[in-house]
Amino acid sequence: MEFIDAKTIVTNGGPNDNYLKSEYVMNIYRGCNHGCIYCYARSNYYEKTDDFDNIRAKQDALRIVRDDLLKKKKTGVILTGGVSDPYNSEEKEYKLTRNAMELINAFSFGICIITKSDLVKRDTDILLDIKEHSPASVNFSITCSDDEMCRKIEPFVSTTTERFEAIEHLSKKGIITGVLIDPVIPYITDTTENIQELVKKAKAHGAKYVYISTLVTMADIQRDYFYQEAEKHYPGISEKYNERFKNYYRCYSPYSKKLWKTYVEACEKEGINYDMPTANEMIRRAYDIFSTIKQLKLPFE
């Protein structure tokens, strides 16, 4: 694996109540070899590389993470996986995400993970340790309800089945998990059947909430890559995109309103949360209670 220079890794996040709320973000790796044909991070805006499938790690990453955490005036939740999956194929050997989480635990920060890999199950022990003092959640990006379609558009990730099994494993251990139906890909995954089945499986396997985005972003080399790969399994789809979306960055499914209605009805039927501000409260609730107790002075102190 190639290593690249970096000055900082844990940077400031933002108060985004309509998504996954975090105070900080962390990306130890650059690039990804999951092969998802729709990945927004492939565009020049994010990675600025022609070799996106080649995973690189930040040189001396653990020392930098430690120093970054030491400099923070306040603890908070660290989001990882927003650009590069922290559980890529190299993580199994190098364990940089695992070791960074050990530092996060030692410095009493929280963790919010976004991944497409069931490798995160390996780190259940650290997640449980973090959960003792701070919020800890694992969010699985799942776009397809069946493994056959998954292999076409996400060729090298853990299958849909494997990701739902990971959700069940973590949920049974007491870790809060969520499903991110993100993105919904026009003319491929934008069916009511797909949305209904994903929500149903999320509930059945123990996820606490579901998030949906009924669009996919398209930019520069990312658009070119999507057209090239999508045509292999869905001939004519690039023509459909050109006709409907032209060079738009945000490409909404033509069925967005219908899909949103389907999504809400499915979540209400299954009894699973679909409101992200509520989901963020759920993730942080136990920690907030714990923090309040810690701040109370006992009468004999």
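Bear in mind the structure is a predicted one, so any value in this text is a computation, not a measurement.
The structure places CD of Q228 at 8.5 Å from CG of D224, a figure rounded to the nearest 0.5 Å. Between the CD1 atom of I111 and the OG atom of S137 there is a distance of 8.5 Å, given to the nearest 0.5 Å. Rounded to the nearest 0.5 angstrom, D123 CG and N99 CG are separated by 9.0 Å. Atom-to-atom distance recorded for L69:CG and T75:OG1 is 10.5 Å, nearest 0.5 angstrom. Between atom CD1 of residue I181 and atom SG of residue C144 there is a gap of 11.0 Å, rounded to the nearest 0.5 Å. Considering CG of L170 and NZ of K121, their distance stands at 8.5 Å, rounded to 0.5 Å.
Within the 3.5 Å criterion, the main-chain N or O of T189 finds a donor-acceptor partner in the side chain of N194. When atom types are taken as modelled, the side chain of S22 and the backbone of V25 share no donor-acceptor pair closer than 3.5 angstrom. Judged purely by atom type and a 3.5 angstrom limit, E91 uses its side chain to pair as donor or acceptor with the backbone of L96. A donor-acceptor pair is defined here as one N or O able to donate and one able to accept, closer than 3.5 Å; such a pair exists between the side chain of D275 and the backbone of T278. Between the side chain of D118 and the backbone N or O of S158, no donor-acceptor pair lies under 3.5 Å. No donor-acceptor distance shorter than 3.5 angstrom exists from the side chain of E90 to the backbone of I55, with no hydrogens or angles considered. Formation of a donor-acceptor pair under 3.5 Å by the S171 side chain with backbone atoms of I167 is found in this model. In this structure, N88 contributes its side chain and H34 its backbone to no donor-acceptor pair below 3.5 Å. Judged by distance alone, the side chain of R56 and the main-chain N or O of N54 form a donor-acceptor pair under 3.5 Å. At least one donor-acceptor pair closer than 3.5 Å links the side chain of E23 to the backbone N or O of V77.
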List the atom pairs, donor and acceptor, that lie under 3.5 Å between side-chain atoms in residues 200-210 and the rest of the protein, sequence neighbours left out.
{"from": "K201", "atom 1": "NZ", "to": "S145", "atom 2": "O", "distance (Å)": "2.6"}
{"from": "K203", "atom 1": "NZ", "to": "G271", "atom 2": "O", "distance (Å)": "3.4"}
{"from": "H205", "atom 1": "ND1", "to": "K201", "atom 2": "O", "distance (Å)": "2.8"}
{"from": "Y209", "atom 1": "OH", "to": "N139", "atom 2": "OD1", "distance (Å)": "2.4"}

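Within the 4.5 Å cutoff, side-chain heavy atoms of Y227 are placed close to those of Y241. Counting heavy atoms from C-beta on, the side chains of I37 and R42 never come closer than 4.5 Å. F109 places none of its side-chain heavy atoms less than 4.5 Å from the side chain of S134. The shortest side-chain heavy-atom distance between M276 and Y211 falls under the 4.5 Å cut-off. Between F226 and I185 there is a side-chain heavy-atom pair separated by less than 4.5 Å. In this structure the side chain of S253 never reaches within 4.5 angstrom of the side chain of Y187, judged on heavy atoms. Taking 4.5 Å as the limit, some side-chain heavy atom of L70 sits within range of a side-chain heavy atom of F107. Under the 4.5 Å side-chain criterion, counting only non-hydrogen atoms from C-beta, T97 is in contact with Y87.
For the residue pair Y29 and D85, no side-chain donor N or O sits within less than 3.5 Å of a side-chain acceptor on the partner. S141 and D182 are not linked by any side-chain donor-acceptor pair at a separation below 3.5 angstrom, with hydrogens and angles left out of the test. In this structure, a donor-acceptor pair under 3.5 Å is present between the side chains of N33 and S89. Of the N and O atoms on the side chains of H133 and N105, at least one donor lies less than 3.5 Å from an acceptor on the other residue.
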Derivation and outcome, side chain to side chain contact (heavy atoms under 4.5 Å, CB included), residues T80 and I114: CA-CA 6 Å; T80 186; I114 301 174; over 6 Å; no
Test log, rule salt bridge (Lys or Arg N to Asp or Glu O under 4.0 Å), inputs D67 and R63: CA-CA 6 Å; D67 292 348; R63 179 194 61 78; 2.9 Å; yes
Derivation of the side chain to side chain contact (heavy atoms under 4.5 Å, CB included) call for M101 and L127: CA-CA 8 Å; M101 285 174 58; L127 287 164; 3.7 Å; yes
Audit row: I195, V184, side chain to side chain contact (heavy atoms under 4.5 Å, CB included) steps and yes/no: CA-CA 9 Å; I195 303 305; V184 171; 4.2 Å; yes
From CA spacing to verdict: side chain to side chain contact (heavy atoms under 4.5 Å, CB included), T143, T160: CA-CA 8 Å; T143 60; T160 295; over 6 Å; no
Full working for salt bridge (Lys or Arg N to Asp or Glu O under 4.0 Å) between R98 and D125: CA-CA 10 Å; R98 178 178 174 85; D125 57 334; 2.9 Å; yes
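Hydrophobic clustering keeps V65 apart from I4 (ILVMFWY residues linked when any side-chain heavy atoms are closer than 4.5 Å, directly or through intermediates). I153 and V157 sit in two unconnected hydrophobic clusters of ILVMFWY residues. Membership requires side-chain heavy atoms under 4.5 Å apart, directly or through other members. No path of Ile, Leu, Val, Met, Phe, Trp and Tyr side chains, each step under 4.5 Å between heavy atoms, connects Y234 with L215, placing them in separate hydrophobic clusters. No continuous path of ILVMFWY side-chain contacts below 4.5 Å connects I237 to Y252, so the two sit in separate hydrophobic clusters. When the side chains of ILVMFWY residues are joined at heavy-atom separations under 4.5 Å, either directly or via intervening members, I188 and F156 end up in two distinct hydrophobic clusters.
Considering every non-hydrogen atom in both I130 and G110, the closest pair reads CG2-CA, 4.1 Å. Looking at every heavy atom in both residues, R284 comes nearest to P135 through CG-CG, 4.0 Å. Taking each heavy atom of G81 and N27 in turn, the nearest pair found is N-OD1, 4.1 Å. Taking every heavy atom of both residues into account, C39 and F52 meet most closely at SG-CZ, 3.9 Å. C251 approaches M218 most closely through the heavy-atom pair SG-CG, 3.7 Å. Contact detail for E231 and P235: the closest heavy-atom pair is OE1-CA, 3.3 Å.
Within a 6.0 Å radius of NZ in K58, more than 12 heavy atoms belonging to other residues, nucleotides or ligands are found. Heavy-atom neighbours of K152 NZ from other residues, nucleotides or ligands within 6.0 Å: above the threshold of 12.
Remark: of the listed residues L198, T177, T159, L198 is the sole one forming a side-chain contact (heavy atoms from CB on, under 4.5 Å) with F164.
By the 30° and 60° cut-offs, the orientation of the rings of W260 relative to Y274 is perpendicular. Using the six-membered ring where Trp is involved, Y94 and F3 have ring planes that are perpendicular, over 60° apart on the 30 and 60° scheme.
Counting only residues at least two apart or in different chains, salt bridge (charged side-chain N to carboxylate O under 4.0 Å, His left out) contacts with residues 239-265 comprise K261-E265. Here salt bridge (charged side-chain N to carboxylate O under 4.0 Å, His left out) pairs that include residues 161-175, with residues two or more places apart or in two chains, are E154-R163, E168-K172.
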